[in-house]
Protein chains: 2
Amino acid sequence: MEKYVKMLREKNLKVTPQRLIILKYLNEHSTHPATDKIYQDLKINNPSLSKTTVYNSLEILEKHGIIQSITISGLEHRYDFRHEMHHHFLCKKCGRIIDIDVVCPNLGKMLECGHNVEEVHGYFKGICKKCMNKEKIKDGS
Amino acid sequence: MEKYVKMLREKNLKVTPQRLIILKYLNEHSTHPATDKIYQDLKINNPSLSKTTVYNSLEILEKHGIIQSITISGLEHRYDFRHEMHHHFLCKKCGRIIDIDVVCPNLGKMLECGHNVEEVHGYFKGICKKCMNKEKIKDGS
DNA sequence: TACTAATTTGTAATAATTACAATTTGACAT
DNA sequence: ATGTCAAATTGTAATTATTACAAATTAGTA
Ligand SMILES: [Mn+2]
Ligand SMILES: [Mn+2]
Ligand SMILES: [Zn+2]
Ligand SMILES: [Zn+2]
């Protein structure tokens, strides 16, 4: 838990129990959960937690680069404790969002264009390996 | 207009005036408009148009690969007449979504992983060239 | 021209997010 | 340790994008 305290202090953010449990939750759940999922899960052991606080906390944590926000589904923001650049795969079948550890080699091109790039998001969508195998079995190999 | 008729016929989709004006609108506005923008603009000359029809039409056009859906902002779907793979840049200042004509070289890596990739989306976010120049001028060169 | 399934329309419901004001609290100074 | 206060939390209301649905209309076919 001291780890999360340090992360907040380094950014001069107030250390609150709410921010700590949210950070801990994100670190321990690499499923890229949405706001409501985080809220529902944490509420069980923290009944006084407000959903607005979850929204506020995620926003400020993201603004300070502690966590990352993913918008792969188009329906909701999903959050990621890993803040360094990586890509994601959304399975249209099971809904899982999987980390893809590649870097985007197109940043040079972006510099040419003259735009100032602050974020890079790479999203792939399709059917994940696990779901593909399930289909094969159902089809009778 | 015959061009759009042909696009629908090729996919065995019914040719309706609503679908035609939506396709025409998207082809003539490469701003990646959201559903409501398309609806508001078309309603002026088509007062009987329903927003639900815009939603339905965009959905079916996308499903058949005639148009592409972009979720770069996370809050809304934006639509693109260009359906071939390309990337996008969202300017956090002026809100413009700009086409970036690069291809993703990471598909090989995806094949290795065993996932079946159907869509690839590359999103960059930051400050666009135009807005960067405006800032420079304001700062006194 | 008549038929029918698909499409369009208007309205209502849902879901994610944001706004806001009252209460509480973490960080700092005494 | 206590007081102070700006910042954070909370609960509720408002907003926005999207989806659900049933009745009316219409495109494609015979
Ligand atoms: Mn991730
Ligand atoms: Mn585009
Ligand atoms: Zn899957
Ligand atoms: Zn700009």
Side-chain angles (χ1 to χ4, degrees), chain A residues 1-2 4-23 25 32-43 45-64 66-67 69-79 95 97, chain B residues 1-2 4-23 25 32-43 45-64 66-67 69-79 95 97:
Chain A
M1 216 60 169
E2 198 52 40
Y4 308 116
V5 174
K6 198 174 291 176
M7 296 177 82
L8 293 170
R9 291 248 166 85
E10 273 172 9
K11 302 286 180 176
N12 289 314
L13 294 173
K14 276 195 183 175
V15 177
T16 70
Q18 292 85 351
R19 288 173 180 177
L20 290 176
I21 58 168
I22 290 170
L23 273 177
Y25 181 92
H32 310 92
T35 310
D36 192 62
K37 171 71 175 158
I38 300 169
Y39 170 65
Q40 297 298 341
D41 285 357
L42 289 176
K43 202 172 51 149
N45 291 312
N46 307 270
S48 70
L49 181 66
S50 162
K51 192 185 275 193
T52 303
T53 298
V54 181
Y55 272 105
N56 290 339
S57 301
L58 292 170
E59 188 186 37
I60 203 165
L61 291 172
E62 189 205 353
K63 197 165 64 184
H64 286 81
I66 296 176
I67 63 173
S69 165
I70 309 295
T71 60
I72 191 167
S73 78
L75 297 171
E76 60 196 355
H77 290 265
R78 313 274 302 237
Y79 291 91
I97 296 175
Chain B
M1 215 59 170
E2 198 52 39
Y4 308 116
V5 174
K6 197 174 293 177
M7 295 177 82
L8 293 170
R9 291 248 167 85
E10 275 172 7
K11 302 286 180 176
N12 288 314
L13 293 173
K14 276 194 183 176
V15 177
T16 70
Q18 292 86 352
R19 288 172 180 177
L20 291 176
I21 58 169
I22 290 170
L23 273 177
Y25 180 92
H32 311 91
T35 310
D36 192 61
K37 170 72 174 157
I38 300 169
Y39 170 65
Q40 297 297 340
D41 285 357
L42 288 176
K43 201 173 51 149
N45 291 312
N46 307 270
S48 71
L49 181 66
S50 162
K51 191 185 275 194
T52 304
T53 299
V54 181
Y55 273 103
N56 290 341
S57 301
L58 292 170
E59 188 186 36
I60 202 164
L61 290 172
E62 189 205 352
K63 198 165 64 183
H64 285 81
I66 296 176
I67 64 173
S69 165
I70 309 294
T71 61
I72 191 167
S73 79
L75 295 173
E76 59 194 359
H77 290 262
R78 313 273 306 233
Y79 290 91
I97 297 174

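Throughout, a chain's letter reflects where its sequence line sits, starting with A, and its residues are numbered from 1.
The main-chain N or O of B:L49 is never found under 3.5 Å from a side-chain atom of B:T53 such that the two would form a donor-acceptor pair.
Contact annotation: side chain of A:T16 to base of C:dG26, donor-acceptor pair absent below 3.5 Å. On a pure distance criterion of 3.5 Å, no polar donor-acceptor pair joins the side chain of B:S57 and the base of C:dT7. Between the side chain of A:T52 and the base of C:dT18, no donor-acceptor pair of N or O atoms lies under 3.5 Å.
Checking the phosphate oxygens (OP1, OP2) of C:dT7, no side-chain nitrogen or oxygen of B:T53 falls inside 4.0 Å. Side-chain N/O atoms of A:T35 include one lying less than 4.0 angstrom from OP1 or OP2 on C:dT17.
For A:L8 and D:dT9, the CG to P distance is 10 Å, given to the nearest whole Å. B:K14 has its NZ atom 10 Å from the C1' atom of D:dT29, to the nearest Å. If you measure from atom CD of B:E59 to atom P of D:dA20, you get 9 Å, rounded to the nearest angstrom.
In this structure, B:Q18 and B:R78 both approach DNA chain D, and ranking their closest nucleotides by distance from the 5' end singles out B:R78. Residues B:V15 and B:K51 each lie close to DNA chain D; by heavy-atom proximity, the contact nearer the 5' end of the strand is made by B:K51.
Note that CG of A:L13 is 4.5 Å distant from NE2 of A:H64, once rounded to the nearest 0.5 Å.
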